[in-house]
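Input: a single structure, listed below in structure tokens.
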Amino acid sequence: MIDLFTFKELDDFILSFDGVRSDKPYDENTTVYYLDGLMFALIDFSKKPIQISLRCDWQLGNILKDKYEEVIPAVKLNPKQWITILITGQLSKTEIQDLIRHSLELAKNSTD
């Protein structure tokens, strides 16, 4: 059986990092996560499967999109800086957590 993240598990993991806050500026189904006012993750839990969009190094993003059907270009976000992961079980929980950490690091080091 595939061990999939629930919205609560994703939300709890992301909010466990110092300085991270969340809001729902777009609609009630999309939670946006910020570090020092800079967006680094979005979760749309109204869709099945749950979708999480993350900042991602463009080279890594291209590798992931080529390797996994679950990783697609982010919709309504800069596709060179963002990916969307469909939570289907193709990527493990650990891999998704690593990508969340990567997104957080990119936000920490961002100049925009």
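Below, each value reflects all heavy atoms present in this structure, side chains not excepted, and no hydrogens, waters or symmetry copies.
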request  = Just do the side-chain contact (heavy atoms from CB on, under 4.5 Å) check on L106 and F40 with the steps written out, would you?
outcome  = CA-CA 8 Å; L106 289 175; F40 73 94; over 6 Å; no
salt_bridge(E105, R55) N-O dist < 4.0 Å =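 Here E105 does not pair with R55 in a salt bridge, since their nearest N and O are not under 4.0 Å apart.
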Could you tell me whether the side chain of [Y] reaches within less than 4.5 Å of the side chain of [X], counting heavy atoms only?
X    : Y    : value
I100 : L104 : no
D44  : I52  : no
L10  : F45  : no
K76  : Y26  : no
P73  : I83  : no

task = Report yes or no: do Y68 and L60 belong to one cluster of Ile/Leu/Val/Met/Phe/Trp/Tyr joined by side chain heavy-atom distances under 4.5 Å?
result =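 Looking at the clustering, L60 is in the same group as Y68.
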Hphob cluster co-occupancy, F5 + I72, side-chain heavy atoms under 4.5 angstrom =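 Shared cluster, no.
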Can you measure from [atom1] ([X]) to [atom2] ([Y]) and round to the nearest 0.5 angstrom?
X    : Y   : atom1 : atom2 : result
Q81  : C56 : CD    : SG    : 11.0 Å
S103 : D98 : OG    : CG    : 12.5 Å
I96  : E9  : CD1   : CD    : 10.5 Å
L77  : L42 : CG    : CG    : 6.0 Å
I85  : I50 : CD1   : CD1   : 12.5 Å
L64  : L91 : CG    : CG    : 7.0 Å

Enumerate, atom names and distances included, each donor-acceptor pair closer than 3.5 Å involving a side-chain atom of residues 28-35, sequence neighbours excluded.
{"from": "T30", "atom 1": "OG1", "to": "D27", "atom 2": "OD1", "distance (Å)": "3.1"}
{"from": "T31", "atom 1": "OG1", "to": "K24", "atom 2": "NZ", "distance (Å)": "3.0"}
{"from": "Y33", "atom 1": "OH", "to": "D11", "atom 2": "OD1", "distance (Å)": "2.5"}

message = Test of understanding: with ring-ring contact (aromatic ring centres under 6.0 Å, His included), list the residues that count as partners of F17, not counting sequence neighbours.
response =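 In terms of ring-ring contact (aromatic ring centres under 6.0 Å, His included), with neighbours along the sequence ignored, F17 is linked to F13.
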Closest approach of [X] and [Y], non-hydrogen atoms and distance?
X   : Y   : result
W82 : A74 : CB-CB, 3.5 Å
L86 : P49 : CB-CG, 3.9 Å
Q90 : E69 : OE1-N, 3.2 Å

ask   = Any side-chain donor-acceptor pair under 3.5 Å between T88 and E70?
value =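 Note: T88 and E70 side chains meet the donor-acceptor criterion.
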inquiry  = Given 3.5 Å as the limit, does a donor-acceptor pair link the side chain of H102 with the main chain of D57, or not?
reply    =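 Yes, H102 side chain to D57 backbone: donor-acceptor pair under 3.5 Å.
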ask   = Does D12 have any salt bridge (Lys or Arg N to Asp or Glu O under 4.0 Å) partners at least two apart in sequence or in another chain, and if so, which?
value =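 Residues passing salt bridge (Lys or Arg N to Asp or Glu O under 4.0 Å) with D12: K8.
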